[in-house]
Amino acid sequence: MVVQKKDTQAANEQTPKEPLDVHKPESQLTEAQLKIDQHWMLQALLLADRAAELGEVPVGALVVLEGEIIGRGWNQPITQHDPTAHAEIMALRDAATQVGNYRVVNADLYVTLEPCSMCAGAMVHGRIKRVIFGAYEPKAGVIVSRQHFLQQNWLNHHVAFTEGVMADLCGDKISHFFKMRREQKRLEKEKNRLG
């Protein structure tokens, strides 16, 4: 059997393609679409509260298909002892179970915080149509903050995205959580110091 090699030199000489434009900022949404996105983001914020109740970073996510929630998730990596148990992954797992397929074609994913590389990759593999996120994640967000992952032309599926939907409310929830956590640690330190 003879295996032919691809002409890698010819492939490397091709001009690189520009990143794809799959971005639709909140400011470019129709009023009707913005109201829909805000409705679902409020539901994702309620799921973020579940994470906070567990002592997890309050991030919530849901998957919507044809106007119905088919997947819900909230951050659980600490309580589940699972580094992959981010809100988006949990929502995708739930949605995939509901539809009986690892691909949730034509579904939208709403999440209160800009996704990381793991979650963005899972959305590509799950064939999510569009991701809508709230707060920006300047340290690890790969949709617009640290990278433009979803706009890479080498991906075999392209997920559209909308950024910053209810960003202030989503960001405030996370900021409040970390402020309370810092205060709790300070009080514990003070208590230990006093004996």
Side-chain angles (χ1 to χ4, degrees), residues 37 39-65 68-147 149-150 155 157 159 161-163 165-167 169-189:
D37 287 351
H39 167 77
W40 294 123
M41 191 61 72
L42 284 171
Q43 301 301 310
L45 280 162
L46 293 174
L47 294 172
D49 290 338
R50 291 189 186 183
E53 290 167 6
L54 298 171
E56 302 271 5
V57 176
V59 178
L62 52 91
V63 179
V64 176
L65 179 64
E68 298 289 328
I69 297 173
I70 61 167
R72 292 174 174 83
W74 52 92
N75 263 3
Q76 302 174 58
I78 298 167
T79 53
Q80 295 291 324
H81 309 288
D82 180 357
T84 69
H86 289 192
E88 301 95 309
I89 300 295
M90 302 307 286
L92 283 167
R93 287 176 182 165
D94 190 28
T97 299
Q98 294 299 317
V99 298
N101 193 327
Y102 73 102
R103 291 184 172 161
V104 285
V105 179
N106 291 322
D108 293 332
L109 190 147
Y110 292 83
V111 60
T112 58
L113 184 66
E114 181 179 1
C116 70
S117 57
M118 173 184 69
C119 294
M123 287 180 238
V124 170
H125 288 292
R127 301 301 192 261
I128 290 293
K129 180 176 74 177
R130 182 173 69 116
V131 60
I132 302 90
F133 72 86
Y136 295 89
E137 213 314 13
K139 292 182 181 178
V142 300
I143 308 302
V144 295
S145 294
R146 301 298 295 170
Q147 286 184 350
F149 179 81
L150 297 178
L155 292 172
H157 172 75
V159 179
F161 66 92
T162 301
E163 63 179 286
V165 174
M166 303 182 80
L169 192 56
C170 294
D172 288 348
K173 185 174 290 286
I174 292 170
S175 295
H176 177 72
F177 173 82
F178 282 112
K179 180 181 178 183
M180 296 305 292
R181 182 180 270 182
R182 284 189 300 273
E183 180 64 15
Q184 184 180 23
K185 285 184 180 183
R186 188 191 67 74
L187 290 173
E188 286 174 10
K189 211 180 230 186

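The shown structure was predicted, so the numbers you read here are calculated from the model rather than taken from an experiment.
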Pair Glu183-Arg186, salt bridge (Lys or Arg N to Asp or Glu O under 4.0 Å): steps then yes or no: CA-CA 5 Å; Glu183 180 64 15; Arg186 188 191 67 74; 2.7 Å; yes

His176 atom NE2, neighbour heavy-atom count above 12 within 6.0 Å: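 Incorrect, the count does not exceed 12.
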
Would you say [X]'s side chain and [Y]'s backbone share a donor-acceptor pair under 3.5 angstrom?
X      : Y      : value
Thr112 : Leu45  : no
Glu114 : Val144 : yes
His125 : His157 : no
Gln76  : Trp74  : yes
Asn75  : Val57  : yes
Arg72  : Ile69  : no

Heavy-atom side-chain contact between [X] and [Y] under 4.5 Å:
X      : Y      : answer
Val111 : Ile132 : no
Val124 : Val159 : yes
Val131 : Pro115 : yes

Closest approach of [X] and [Y], non-hydrogen atoms and distance?
X      : Y      : result
Pro138 : Arg146 : O-CD, 2.8 Å
Cys170 : Ala135 : CB-N, 3.6 Å
Ala85  : Gln80  : CB-CB, 4.4 Å
Ala91  : Ala61  : CB-O, 3.8 Å
Ala52  : Pro58  : CB-CB, 4.0 Å
Ala44  : Leu62  : N-CD2, 3.5 Å

Measure the spacing between [atom1] of [X] and [atom2] of [Y] and express it to the nearest 0.5 Å.
X      : Y      : atom1 : atom2 : result
Arg181 : Lys179 : CZ    : NZ    : 16.0 Å
Arg127 : Asn101 : CZ    : CG    : 10.5 Å
Ile89  : Cys116 : CD1   : SG    : 7.0 Å
Cys119 : Ile128 : SG    : CD1   : 11.5 Å
Met123 : Leu92  : CE    : CG    : 6.5 Å

Between [X] and [Y], do the side chains contain an N or O donor and an N or O acceptor separated by less than 3.5 Å?
X      : Y      : answer
Glu137 : Ser145 : no
Gln43  : Tyr110 : no
Glu56  : Thr79  : yes

From CA spacing to verdict: side chain to side chain contact (heavy atoms under 4.5 Å, CB included), His86, Val59: CA-CA 8 Å; His86 289 192; Val59 178; over 6 Å; no

I'd like to know if [X] and [Y] make a salt bridge, using a cut-off of under 4.0 Å between side-chain N and carboxylate O.
X      : Y      : answer
Glu188 : Lys185 : no
Arg130 : Asp37  : yes
Asp82  : Arg93  : yes

Stepwise side chain to side chain contact (heavy atoms under 4.5 Å, CB included) check, Phe133 with Thr162: CA-CA 7 Å; Phe133 72 86; Thr162 301; over 6 Å; no

Chi angles and distances behind the side chain to side chain contact (heavy atoms under 4.5 Å, CB included) call for Asp108, Val63: CA-CA 6 Å; Asp108 293 332; Val63 179; over 6 Å; no

Working for side chain to side chain contact (heavy atoms under 4.5 Å, CB included), residues Val104 and Leu109: CA-CA 10 Å; Val104 285; Leu109 190 147; over 6 Å; no

